[in-house]
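Taking it in order: structure first as structure tokens, then the write-up.
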Amino acid sequence: QVQLVESGGGPVQAGGSLRLSCAASGGTMSTYTMGWFRQAPGKEREWVATIRWISGIPAYSDSVKDRFTISRVSAKKTVYLQMNALKPEDTALYYCGLSTKLIADRIPDSSVNYWGQGTQVTVSS
């Protein structure tokens with residue numbers, strides 16, 4: 001099995017920044033894609049960003065494009081989400097996910113093989 005553990009969430013004022021981390025463990029050898037997702041209260045989970053593990057090529061949802069940056073450190077099996085210019089509408093529980101499929105853009109929930117537990121981001125106005 002693979003375990004994913006997110007960290008780095010917390011309260012932040014609008015316009016501020018946070019960096020989320022997601023560390024994978026368990027010896028997975030089939031990681032092709034990792035991504036970030038978020039879910040606000042009363043809303044369904046939405047895709048935020050994707051990174052292809054080998055190439056490092058990212059993709060972003062329109063709502064975070066040019067504000068968020070996804071990256072990874074392969075040796076640490078860790079993916080990051082640098083969140084800048086945060087808005088109140090970014091408030092959500094943020095999850096990382098791992099897929100054994102190679103996905104270049106939006107990651108469907110059905111393609112995620114492993115989920116982290118989530119880390120809360122709260123942006124105040």
Side-chain angles (χ1 to χ4, degrees):
Q1 291 189 358
V2 174
Q3 296 81 44
L4 303 176
V5 179
E6 301 99 331
S7 62
V12 63
Q13 292 187 343
S17 298
L18 286 174
R19 189 180 74 159
L20 308 183
S21 300
C22 174
S25 62
T28 179
M29 302 294 291
S30 301
T31 300
Y32 287 93
T33 309
M34 292 188 71
W36 286 97
F37 307 78
R38 65 188 183 186
Q39 187 169 24
K43 298 183 178 180
E44 65 181 18
R45 179 157 48 203
E46 65 174 328
W47 167 76
V48 174
T50 294
I51 189 162
R52 286 180 264 176
W53 195 252
I54 301 300
S55 69
I57 297 174
Y60 302 96
S61 70
D62 289 341
S63 63
V64 307
K65 198 178 187 70
D66 300 322
R67 298 189 298 121
F68 292 8
T69 302
I70 188 170
S71 62
R72 89 285 191 250
V73 177
S74 296
K76 298 172 66 175
K77 206 69 174 181
T78 299
V79 63
Y80 302 93
L81 187 68
Q82 179 65 48
M83 310 165 68
N84 298 325
L86 283 161
K87 305 174 180 179
E89 51 262 46
D90 295 318
T91 295
L93 188 64
Y94 282 71
Y95 298 90
C96 65
L98 183 156
S99 178
T100 58
K101 301 177 181 178
L102 183 61
I103 302 171
D105 212 312
R106 182 185 64 85
I107 306 173
D109 283 8
S110 61
S111 294
V112 176
N113 298 94
Y114 301 96
W115 292 98
Q117 83 288 348
T119 186
Q120 179 68 38
V121 172
T122 303
V123 185
S124 60
S125 60

May I ask whether [X] and [Y] are part of the same hydrophobic cluster, defined by side-chain heavy atoms of I, L, V, M, F, W, Y residues being less than 4.5 angstrom apart, directly or through others?
| X | Y | result |
| --- | --- | --- |
| Trp47 | Val64 | no |
| Val2 | Val79 | yes |
| Met34 | Tyr114 | yes |

Would you check if the side chain of [X] reaches a backbone N or O of [Y] as a donor-acceptor pair within less than 3.5 Å?
| X | Y | answer |
| --- | --- | --- |
| Thr119 | Tyr94 | no |
| Arg106 | Thr50 | no |
| Arg38 | Val48 | no |
| Tyr60 | Ile70 | yes |

Any pair with a residue in residues 48-71 that passes salt bridge (charged side-chain N to carboxylate O under 4.0 Å, His left out), sequence neighbours left out, goes on the list, sorted by first then second residue, please.
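Output for this query lists Arg67-Asp90.
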Say you draw a straight line from [atom1] of [X] to [atom2] of [Y]; how long is it, rounded to the nearest 0.5 Å?
| X | Y | atom1 | atom2 | answer |
| --- | --- | --- | --- | --- |
| Ile57 | Ile51 | CD1 | CD1 | 9.5 Å |
| Lys101 | Ile107 | NZ | CD1 | 11.0 Å |
| Ile103 | Tyr32 | CD1 | OH | 12.5 Å |
| Asn84 | Thr69 | CG | OG1 | 6.5 Å |

Might you point out which heavy atoms bring [X] and [Y] nearest each other, and give the distance in Å?
| X | Y | answer |
| --- | --- | --- |
| Gln82 | Ser17 | NE2-CB, 4.0 Å |
| Ala59 | Ala104 | CB-O, 3.4 Å |
| Ser111 | Ser99 | O-OG, 2.7 Å |

May I ask you to test the [X]-[Y] pair for a side-chain heavy-atom distance under 4.5 Å?
| X | Y | result |
| --- | --- | --- |
| Val112 | Phe37 | yes |
| Trp36 | Met83 | no |
| Trp53 | Leu98 | no |
| Leu20 | Val121 | yes |
| Ser61 | Phe68 | no |
| Glu89 | Val123 | no |

Going by atom type alone, with no hydrogens or angles, which donor-acceptor pairs under 3.5 Å involve a side-chain atom of residues 3-15 and a protein atom two or more places apart or on another chain?
| from | atom 1 | to | atom 2 | distance (Å) |
| --- | --- | --- | --- | --- |
| Gln3 | OE1 | Ser25 | OG | 3.4 |
| Glu6 | OE1 | Gln117 | N | 2.8 |
| Glu6 | OE1 | Gln117 | NE2 | 3.3 |
| Glu6 | OE1 | Gly118 | N | 2.8 |
| Glu6 | OE2 | Cys96 | N | 2.8 |
| Glu6 | OE2 | Gly118 | N | 3.2 |

